[in-house]
Structures are given as C-alpha cells and as structure tokens.
Amino acid sequence: MKSRERVLRAINRQETDRVPFGLFGTSVENEERIRKYLNASSKIEMYNTIGLDIWHFFTPLKYVGKQRYYKGEKADFWGITQKAYDDGDSSGQRPLAEVLSVDEVESYQWPDIKDFDSTDFEKQLWMYDEFA
C-alpha cells in the first residue's frame, strides 16, 4: 500500500497495512541529521528508507504581507521574532499578552491568507504527491 492511500484510508477509518506516520515536530536540522545517519542522498530517499507516509513541509506558504514588529524587533506574521524561535521556545513572546478586552483581540492585525504566496507549496505538492 502506498503512503498516500494508507493515510487516506486511515482518515476514512478503513483498514490499512500499518499505522501511517510522519516526523511531526522535527526540525530541519534534525531531519538533516537523520538523513546523514541513514546515508540517504536526499530527503525523499530518507523518507522512503524510514517508511514515512506524511511529507513534512517546513515553509509551505511564503509570507508577502506587511512587515510586523514585536517591541521594535522584526517579527513574523504572528508577531514572533526570530530570536524567540532560535531560543527553541516562542511561548515567551505573546503579542496578545496585554490584551484586556474582546475589542482589542478583534482589532489585532491577524494574518490574512491574501498575505501569503502559495507558489512553492503548490510545486512541492506535485513533487511529493506519493506522500500525504
């Protein structure tokens, strides 16, 4: 059974040959370590060697909207700085931490799907369509 079919069958609560799985929560660096350990020439070879069913997209959509800031520092579309991610725990930066009312939540500049470019994501979907 191919990976894509296995995942779709599991979602539909149909019998599969095994439980489908992926590397959720694994960083780019750790995927690279696994690839090197397995002596795989590419990420797709590593996935096939391990038997992964779900392709892990690290940056499926490219943010092209207005630059955001958190306390004067450049931030991503959620309002989180790169430093927070580099530290390994972005929970220390909470752009809504001081919000006291529903009106303040509603006036927050939430990310909008129109602020993203999906061109690379669409290419990857076709390149790795054997996976879920």
Side-chain angles (χ1 to χ4, degrees):
M1 182 174 294
K2 293 190 181 246
S3 293
R4 185 182 177 108
E5 178 188 2
R6 182 177 296 115
V7 171
L8 290 173
R9 288 182 62 86
I11 289 169
N12 290 313
R13 298 181 179 172
Q14 298 171 334
E15 190 172 327
T16 61
D17 58 341
R18 65 172 171 77
V19 175
F21 70 101
L23 289 176
F24 298 107
T26 304
S27 67
V28 175
E29 295 81 15
N30 283 335
E31 275 201 6
E32 183 59 17
R33 284 186 196 117
I34 295 167
R35 186 195 66 74
K36 286 179 179 177
Y37 178 81
L38 294 172
N39 201 27
S41 62
S42 65
K43 182 176 168 178
I44 196 165
E45 184 181 335
M46 176 192 75
Y47 271 46
N48 286 323
T49 299
I50 297 172
L52 297 175
D53 299 298
I54 303 164
W55 190 263
H56 186 187
F57 292 97
F58 288 101
T59 52
L61 302 174
K62 181 180 178 185
Y63 182 69
V64 293
K66 183 179 173 186
Q67 177 63 58
R68 294 180 185 225
Y69 295 87
Y70 178 79
K71 297 185 178 180
E73 232 181 296
K74 281 187 176 183
D76 66 6
F77 53 87
W78 290 117
I80 307 294
T81 65
Q82 185 59 47
K83 183 181 181 309
Y85 293 117
D86 292 345
D87 290 345
D89 180 10
S90 61
S91 66
Q93 288 187 9
R94 298 177 300 278
L96 298 175
E98 297 177 25
V99 167
L100 299 173
S101 71
V102 172
D103 288 339
E104 287 178 290
V105 172
E106 289 176 349
S107 68
Y108 183 75
Q109 185 184 354
W110 295 99
D112 188 305
I113 194 64
K114 293 179 279 190
D115 293 334
F116 294 86
D117 176 8
S118 65
T119 306
D120 288 341
F121 180 58
E122 291 172 25
K123 287 179 191 173
Q124 288 185 55
L125 282 175
W126 289 109
M127 286 174 57
Y128 307 110
D129 67 344
E130 66 189 83
F131 299 97

- Query: Under a 4.5 Å cut-off applied to non-hydrogen side-chain atoms, are D53 and F131 in contact?
  - Reply: no
- Test: D115 and K66 ion pair at under 4.0 Å: no
- Smallest separation among heavy atoms of R6 and V19, with atom names: CD-C, 4.4 Å
- Query: In Å and rounded to the nearest 0.5 Å, what is the CG to NZ distance from N48 to K43?
  - Reply: 12.5 Å
- Should V105 and F77 be regarded as members of a common hydrophobic cluster, given that ILVMFWY residues are connected when their side-chain heavy atoms come within less than 4.5 Å of each other, either directly or indirectly? yes
- Query: Can you tell me how far CZ of F21 sits from CG of L52, rounded to the nearest 0.5 angstrom?
  - Reply: 5.0 Å
- Task: Would you check if the side chain of Q67 reaches a backbone N or O of A75 as a donor-acceptor pair within less than 3.5 Å?
- Result: yes
- Query: Do L100 and L96 belong together in a cluster built from hydrophobic side chains that touch within less than 4.5 Å?
  - Reply: no
- Message: For A10 versus T16, what's the shortest heavy-atom pair and its separation?
- Response: N-CG2, 3.8 Å
- If you look at every heavy atom in M46 and A40, which pair is closest and at what distance? N-CB, 3.6 Å
- Would you say the side chain of P95 lies within less than 4.5 Å of the side chain of I80, judging by non-hydrogen atoms? yes
- Query: Which value, rounded to the nearest 0.5 Å, describes the distance between M1 atom CE and L8 atom CG?
  - Reply: 10.5 Å
- When the ring centroid of Y47 is compared with that of Y128, is the distance short of 6.0 Å? no
- May I ask you to decide if the ring planes of W78 and W110 are parallel, tilted or perpendicular, using 30° and 60° as cut-offs? perpendicular
- Item | Side chain R9, main chain Q14, donor-acceptor under 3.5 Å | no
- Query: With no hydrogens and no angle check, is any side-chain donor or acceptor of E45 less than 3.5 Å from a backbone partner on S41?
  - Reply: yes
- Gap separating the OH atom of Y69 from the CG atom of D76, nearest 0.5 angstrom: 13.0 Å
- Query: Hey, is the main chain of D129 close enough, under 3.5 Å, to the side chain of R4 for a donor-acceptor pair?
  - Reply: yes
- Item | Close side-chain approach of Y70 to R68, heavy-atom, < 4.5 Å | no
- Query: Roughly how far, to the nearest 0.5 Å, is OG1 of T26 from CD of E32?
  - Reply: 13.0 Å
- Message: Are Y108 and V99 packed together at the side-chain level, in the sense that at least one heavy-atom pair is separated by less than 4.5 angstrom?
- Response: no
- Message: Taking the side chain as everything from C-beta on, heavy atoms only, tell me whether F116 gets closer than 4.5 Å to P111.
- Response: yes
- Note: K2-E130 ion pair, threshold 4.0 Å (strictly below): no
- Would you indicate whether the side-chain heavy atoms of N30 and L23 approach each other to under 4.5 Å? no
- Within one Ile-Leu-Val-Met-Phe-Trp-Tyr cluster: W126 and W55, side-chain cutoff 4.5 Å: no
- Spacing of Q124 atom CD and S118 atom OG [to the nearest 0.5 Å]: 11.5 Å
- Polar side chain donor-acceptor pair, D103 to S101, under 3.5 angstrom: no
